[in-house]
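Note sheet for the following structure.
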Amino acid sequence: MIRAHLTRARVLVLTAFVLVIAALVAGSAVLFGQTRQAEADSAARDSAQEAGKTLVPKVLSYNYQTLQADIANATGAATGNFKQNLQALMTQVVQPTATNDNVVTKASVTHTAVVDGHGGDVVLLVLLSQESTSRNQPTPVVSTSSARVQLHRDGDRWLVADLQPL
């Protein structure tokens with residue numbers, strides 16, 4: 001009877017030990033998965049932040065002498081509804097004004113910061129500078145502004161999905 005009780009106690013201890021080990025392994029697997037996801041999100045945010053430095057100037061810069069190519073570059077850097085709205089804005093508003101007034105606008109990003117980002121969608125705060133000249137204003141006028149820029153990963157590249165001036 002004592003021997004049966006000891007055997008039963010050993011089985012219970014061994015079972016509890018196995019359950020604890022299984023729980024530790026499962027917990028480690030979950031933490032490993034979360035760590036890998038966090039690393040992937042961090043890499044995506046870094047990549048998007050770098051992409052934003054080149055994409056935003058493409059979207060906001062144009063020269064009346066190269067306007068068709070500039071519109072193609074701008075819309076090529078965009079996606080979704082933003083791309084359609086940008087195309088309409090560039091052809092219906094910017095093109096006539098730029099052509100009539102010889103407008104040249106060059107945008108450059110001075111700083112970026114990630115506001116939010118998971119996987120293939122990242123939101124940036126972008127500080128930028130724009131230098132503009134025109135027939136009536138041949139001396140460059142420099143203005144600074146900020147924008148909330150949403151980037152979306154399309155395959156191996158980032159595209160501007162939204163740009164809201166702040």
Side-chain angles (χ1 to χ4, degrees), residues 27-166:
S28 295
V30 168
L31 287 175
F32 180 74
Q34 289 176 340
T35 299
R36 288 193 47 119
Q37 183 62 47
E39 289 171 351
D41 285 346
S42 178
R45 288 189 296 268
D46 292 346
S47 172
Q49 194 169 7
E50 285 304 310
K53 292 175 184 177
T54 58
L55 292 173
V56 171
K58 281 184 182 181
V59 169
L60 297 177
S61 298
Y62 56 90
N63 182 325
Y64 74 98
Q65 295 174 322
T66 58
L67 199 52
Q68 293 307 313
D70 295 339
I71 292 171
N73 283 335
T75 57
T79 188
N81 289 336
F82 178 72
K83 181 176 186 170
Q84 294 168 350
N85 293 338
L86 180 62
Q87 176 73 39
L89 176 70
M90 294 295 282
T91 57
Q92 296 171 10
V93 177
V94 172
Q95 187 171 10
T97 303
T99 303
N100 290 338
D101 295 337
N102 295 356
V103 178
V104 176
T105 297
K106 181 176 173 150
S108 60
V109 172
T110 58
H111 299 304
T112 63
V114 175
V115 175
D116 189 23
H118 302 289
D121 291 294
V122 174
V123 176
L124 301 175
L125 170 63
V126 176
L127 303 180
L128 53 109
S129 175
Q130 285 182 294
E131 181 179 291
S132 297
T133 61
S134 68
R135 178 178 314 165
N136 297 331
Q137 182 61 52
T139 303
V141 175
V142 178
S143 62
T144 58
S145 60
S146 59
R148 179 188 177 277
V149 179
Q150 181 180 351
L151 298 180
H152 176 75
R153 184 183 291 274
D154 182 20
D156 62 346
R157 66 186 188 136
W158 291 97
L159 296 171
V160 178
D162 194 26
L163 189 148
Q164 297 294 321
L166 299 174

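Thr54 places a side-chain N or O within donor-acceptor distance of the main-chain N or O of Ala51, the cut-off being under 3.5 Å. Using modelled atom types, no side-chain atom of Asp101 and backbone atom of Val103 make a donor-acceptor pair closer than 3.5 Å. A donor-acceptor pair under 3.5 Å is formed between the side chain of Gln49 and the backbone N or O of Thr112.
The CD atom of Gln65 sits 10.5 Å away from the OG1 atom of Thr99 when rounded to the nearest 0.5 Å. We find the CG-CG distance between Leu86 and Asn81 to be 12.0 Å, quoted to the nearest 0.5 Å. In this structure, the separation between CZ on Arg45 and CG on Leu151 is 13.5 Å, given to the nearest 0.5 Å. Rounding to the nearest 0.5 angstrom, the gap separating the CZ atom in Arg153 from the CG atom in Leu159 is 10.5 Å. Atoms CD and CD, on Gln164 and Gln150 in that order, are 10.0 Å from each other to the nearest 0.5 Å.
Minimum heavy-atom separation, Leu124 to Ala48: CD1-O, 3.7 Å. Between Ser47 and Trp158, the closest heavy-atom pair is OG-NE1, 2.9 Å. Annotation for His152 and Ala161: closest pair CB-CB, 4.1 Å, computed over non-hydrogen atoms. Between Val59 and Phe82, the closest heavy-atom pair is CG1-CZ, 4.0 Å. Taking all atoms of both residues into account, the shortest heavy-atom contact from Lys83 to Ala78 is CD-O, 3.5 Å. Between Gly52 and Pro57, the shortest heavy-atom distance links the atoms O-CD, 4.0 Å.
Applying the side chain to side chain donor-acceptor pair (under 3.5 Å) criterion to Ser132, with sequence neighbours excluded, gives Thr105. With sequence neighbours excluded, no residue forms a side chain to side chain donor-acceptor pair (under 3.5 Å) with Thr79. Remark: Lys53 pairs with Glu50 by the salt bridge (Lys or Arg N to Asp or Glu O under 4.0 Å) rule, at least two apart or across chains.
Here the side chains of Gln137 and Thr139 are in contact, with some heavy-atom distance below 4.5 Å. Val115 is not listed as a side-chain neighbour of Arg148, based on a closest heavy-atom distance of 4.5 Å or more. When side chains are defined from C-beta on, Asn100 does not count as touching Arg135, because their heavy atoms never get closer than 4.5 Å. Side-chain atoms of Leu125 and Leu166, non-hydrogen and from C-beta on, do get closer than 4.5 Å to each other. The closest side-chain heavy-atom distance from Leu127 to Val109 is not below 4.5 Å. Side-chain contact between Thr133 and Pro138 is absent, with no heavy atoms from C-beta onward closer than 4.5 Å. Side-chain contact between Tyr62 and Ile71 is absent, with no heavy atoms from C-beta onward closer than 4.5 Å. At least one side-chain heavy atom of Val149 sits less than 4.5 Å from a side-chain heavy atom of Val160.
Thr66 and Asp70 share a side-chain donor-acceptor pair at under 3.5 Å.
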